[in-house]
Protein chains: 2
Amino acid sequence: MRPGEKPEIANLPLFREMHEGQRDRIFSGSFLQVFPPQLTLFELGQRPDFLHVLVDGLVELYAHSAGRDTTMRIVEPVTSFILAAVVTDQPYLMSARTLVASRILLVPAALVREVVKDDCALMQATMRELAQAYRGMVRALTDMKLRQSAERLGNLILDQDRLQGGNGKVVLKAEKRLLASLLGMTPENLSRGFGLLAAHGIEVSGAQVTITDRPALEAYSRPDPVRDDPA
Amino acid sequence: MRPGEKPEIANLPLFREMHEGQRDRIFSGSFLQVFPPQLTLFELGQRPDFLHVLVDGLVELYAHSAGRDTTMRIVEPVTSFILAAVVTDQPYLMSARTLVASRILLVPAALVREVVKDDCALMQATMRELAQAYRGMVRALTDMKLRQSAERLGNLILDQDRLQGGNGKVVLKAEKRLLASLLGMTPENLSRGFGLLAAHGIEVSGAQVTITDRPALEAYSRPDPVRDDPA
DNA sequence: GCCTGCGATTGATGAACATCAAGCGGGCTG
DNA sequence: CAGCCCGCTTGATGTTCATCAATCGCAGGC
């Protein structure tokens with residue numbers, strides 16, 4: 001592990017509050033591994049072996065069924081993922097692959113379950129993390145059911161702007177085809193979506209999106225004051 | 001509380017394993033209330049006051065935005081709901097209303113959070129419940145993104161058949177318009193969906209659905225061996 | 001420098017689904 | 001029992017989105 005990374009991982013909401021001894025137990029049982037781009041980390045249906053913590057790189061979680069497939073989430077560092085499968089010890093509902101070369105901390109699933117049982121602080125953090133993840137999924141599902149594609153795109157841009165400082169400059173960090181899949185649309189329609197939003201306050205140049213007229217963009221995208229609340 | 005109900009609630013996965021004294025603390029701080037049909041229990045955006053446990057009746061959780069609305073879940077007894085909002089103390093992401101006259105146990109949210117902190121068994125049960133709920137949402141989102149409407153309907157029938165004994169007789173317990181909204185389609189299209197599935201192994205008569213040719217229904221609906229696994 | 005490959009774009013067409021508009025039928029009320 | 005209401009169904013039409021096909025533009029390799 002590189003200097004500075006261990007504290008960064010220890011400072012994740014998931015591990016921050018836990019007993020130091022137990023945290024050492026977690027860390028000493030885990031190992032950091034480097035993966036090349038486009039490598040499948042695990043497949044839908046497998047029993048979870050490890051809790052994953054993306055330390056550096058970019059990972060895609062995706063689902064597939066009957067020939068079709070869709071990306072469910074793009075994981076950026078530093079974040080843990082597939083916690084729910086690990087705590088329930090049930091098969092993954094999604095597959096995962098690296099998008100670029102990535103460094104991932106692998107925590108044996110059995111160890112996680114064991115330490116969770118012993119350390120109430122970790123259990124509480126896990127509970128909170130799962131609650132947040134659940135709420136994230138509720139948002140994603142309502143987004144998909146209530147909005148049409150260009151509105152979803154508009155809201156994604158507003159979200160990203162918030163995360164990237166709120167100054168109206170947004171950089172798309174994944175390929176547009178991936179973004180399309182995340183939004184539940186085709187790359188062609190994503191293109192048309194950007195075209196449509198050009199008339200509603202944005203400018204696009206490659207991966208650089210600029211919000212030129214926020215009120216117009218919000219009027220079109222109709223962000224929900226509750227669901228899309230910054231907090 | 002009617003005789004037999006308290007043990008039934010105490011036997012919920014959420015409360016089953018917890019310390020008896022703490023459970024009494026929960027129960028003595030809560031109250032059971034009867035609500036008429038079509039009553040709004042809470043609205044999207046409110047701070048959660050109570051953890052709800054549906055003891056008898058039927059409740060709809062729904063979301064709405066920009067004039068459109070969609071039902072997210074139909075809650076049957078005996079089940080708790082909106083646990084995630086309660087443990088995070090964040091605003092509801094969904095609204096709730098009774099579909100029929102319902103009896104609901106209201107557990108003050110602050111009490112839940114307090115007892116969760118003191119009782120590790122309850123915390124663990126909460127954690128598991130949230131993990132399951134998360135996985136349920138992952139299923140729902142992939143269902144929405146990967147399948148088209150008639151396939152979703154087919155899979156819902158297969159699911160319900162499993163829950164109702166697996167003998168090929170399924171009773172729809174909600175109005176079809178509600179089912180349509182749950183599946184993310186219009187009532188008109190739900191009708192057409194049933195029509196289409198008539199050619200793929202089902203018969204419909206009112207709220208009674210019969211699976212006449214399970215292989216055909218499965219060939220059409222393509223249930224996922226992992227995601228739609230009975231277990 | 002030019003070729004090549006691949007992602008992004010643009011246009012034309014078609015499928016899935018929503019919307020609009022009647023009818024149908026069953027249960028409830030007077 | 002008749003009438004009516006309401007949910008469901010059925011058909012006709014329009015919108016949204018996917019698909020197919022062609023082109024553009026840029027980056028890497030020879």
Side-chain angles (χ1 to χ4, degrees), chain A residues 37-38 58 60 64-71 74 99-100 143-156 171-200 202-209 220-222, chain B residues 37-38 58 60 64-71 74 99-100 143-156 171-200 202-209 220-222:
Chain A
Q38 298 301 331
L58 208 57
E60 175 193 8
H64 43 99
S65 179
R68 292 163 278 198
D69 80 328
T70 190
T71 116
I74 296 172
L99 293 173
V100 301
D143 195 51
M144 191 59 55
K145 287 181 79 176
L146 290 176
R147 296 205 257 243
Q148 47 199 40
S149 60
E151 293 174 288
R152 292 200 295 274
L153 176 57
N155 281 292
L156 179 133
V171 178
L172 309 173
K173 29 185 157 297
E175 288 182 343
K176 288 188 181 162
R177 55 190 312 156
L178 202 71
L179 234 121
S181 175
L182 183 67
L183 289 169
M185 57 208 271
T186 57
E188 292 95 324
N189 260 321
L190 180 66
S191 239
R192 289 185 256 266
F194 277 123
L196 214 166
L197 290 184
H200 297 276
I202 74 161
E203 262 171 29
V204 184
S205 166
Q208 174 66 53
V209 179
Y220 180 84
S221 311
R222 297 179 163 280
Chain B
Q38 298 301 331
L58 209 55
E60 176 193 7
H64 41 98
S65 179
R68 292 163 278 198
D69 80 327
T70 190
T71 117
I74 296 172
L99 292 172
V100 302
D143 195 50
M144 191 59 57
K145 287 181 80 176
L146 290 177
R147 293 205 259 243
Q148 46 199 41
S149 60
E151 293 174 289
R152 293 199 295 274
L153 176 57
N155 279 292
L156 179 133
V171 177
L172 309 173
K173 36 194 151 286
E175 288 181 344
K176 287 188 184 163
R177 56 189 312 156
L178 202 72
L179 232 113
S181 175
L182 182 67
L183 288 169
M185 57 207 269
T186 57
E188 292 95 326
N189 259 321
L190 180 66
S191 238
R192 289 185 256 265
F194 277 123
L196 214 165
L197 290 185
H200 296 276
I202 74 161
E203 261 172 30
V204 184
S205 168
Q208 174 67 52
V209 179
Y220 181 84
S221 311
R222 297 179 163 280

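Within every chain, numbering begins at 1; the chains are lettered A, B, ... in the order of the sequence lines, protein sequences first and strands thereafter. Hydrogens, waters and symmetry mates are skipped; everything else that's a heavy atom, side chains included, is used. Quick caveat, the model's predicted, so the values are computed rather than measured.
- With sequence neighbours left out, Glu188(B) forms a side-chain hydrogen bond (donor to acceptor under 3.5 Å, both in side chains) with no residue at all.
- Thr186(B) comes within 4.0 angstrom of a base, heavy atoms only.
- If you walk DNA chain C from 5' to 3' and mark each nucleotide with an atom closer than 4.0 Å to a heavy atom of chain A, the marks span dG7(C) to dA12(C).
- Closest approach of Ala150(B) and Leu196(B) over heavy atoms only: CB-CD1, 4.2 Å.
- Separation of atoms OG (Ser221(B)) and CG (Asn155(B)) is listed at 5.0 Å; rounding is to 0.5 Å.
- As judged by a 4.0 angstrom heavy-atom cut-off over every strand, Gly184(B) is placed among residues touching the sugar-phosphate backbone only.
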Could you walk me through whether Gln208(B) and Val171(B) satisfy the side chain to side chain contact (heavy atoms under 4.5 Å, CB included) test, starting with their C-alpha distance in whole Å, then the side-chain angles of each, then the deciding distance to 0.1 Å, before giving a yes or no? CA-CA 5 Å; Gln208(B) 174 67 52; Val171(B) 177; 3.6 Å; yes

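- Between the C1' atom of dC8(D) and the CG atom of Leu179(B) lies a distance of 13 Å, rounded to the nearest Å.
- Atom CE in Met185(A) sits roughly 13 Å away from atom P in dT19(D) (whole-Å rounding).
- Under the side-chain contact (heavy atoms from CB on, under 4.5 Å) criterion, Lys176(A) pairs with Leu172(A), Leu190(A), Phe194(A), Val204(A), sequence neighbours left out.
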Could you summarise the pairing of DNA chain C as dot-bracket text, marking Watson-Crick and G-U pairs under 3.5 Å with ( ) or [ ] inside the strand and | across strands? ||||||||||||||||||||||||||||||

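- Atom C1' of nucleotide dT16(D) and atom CG of Leu153(A) are separated by 15 Å, given to the nearest angstrom.
- Along DNA chain D, the nucleotide closest to Arg147(A) and the one closest to Leu178(B) are compared, and the more 5′ of them pairs with Leu178(B).
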Listing, residues 178-185 of chain B side-chain donor-acceptor contacts under 3.5 Å, not counting sequence neighbours, or none:
| unit_1 | atom_1 | unit_2 | atom_2 | d |
| --- | --- | --- | --- | --- |
| Ser181(B) | OG | Thr71(B) | N | 2.8 |

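- For Leu58(B), the side-chain contact (heavy atoms from CB on, under 4.5 Å) criterion is met by Ile74(B), Glu76(B), Leu99(B), Val100(B), not counting sequence neighbours.
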Could you list all N or O pairs between the protein and nucleotides 24-27 of chain D that sit under 3.5 Å apart?
none

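- Evaluation of the side-chain hydrogen bond (donor to acceptor under 3.5 Å, both in side chains) test over residues 144-153 of chain A, restricted to residues two or more places apart or in two chains, returns Asp143(A)-Arg147(A), Lys145(A)-Thr70(B), Arg147(A)-Asp228(A), Glu151(A)-Arg68(B).
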Would you tabulate the pairs of protein nitrogen or oxygen atoms and nucleotide nitrogen or oxygen atoms of nucleotides 9-12 of chain D closer than 3.5 angstrom?
| unit_1 | atom_1 | unit_2 | atom_2 | d |
| --- | --- | --- | --- | --- |
| dT9(D) | OP1 | Lys176(B) | NZ | 3.0 |
| dT9(D) | OP2 | Ser191(B) | OG | 2.7 |
| dT9(D) | O5' | Ser191(B) | OG | 2.8 |
| dG11(D) | N7 | Arg192(B) | NH1 | 3.1 |

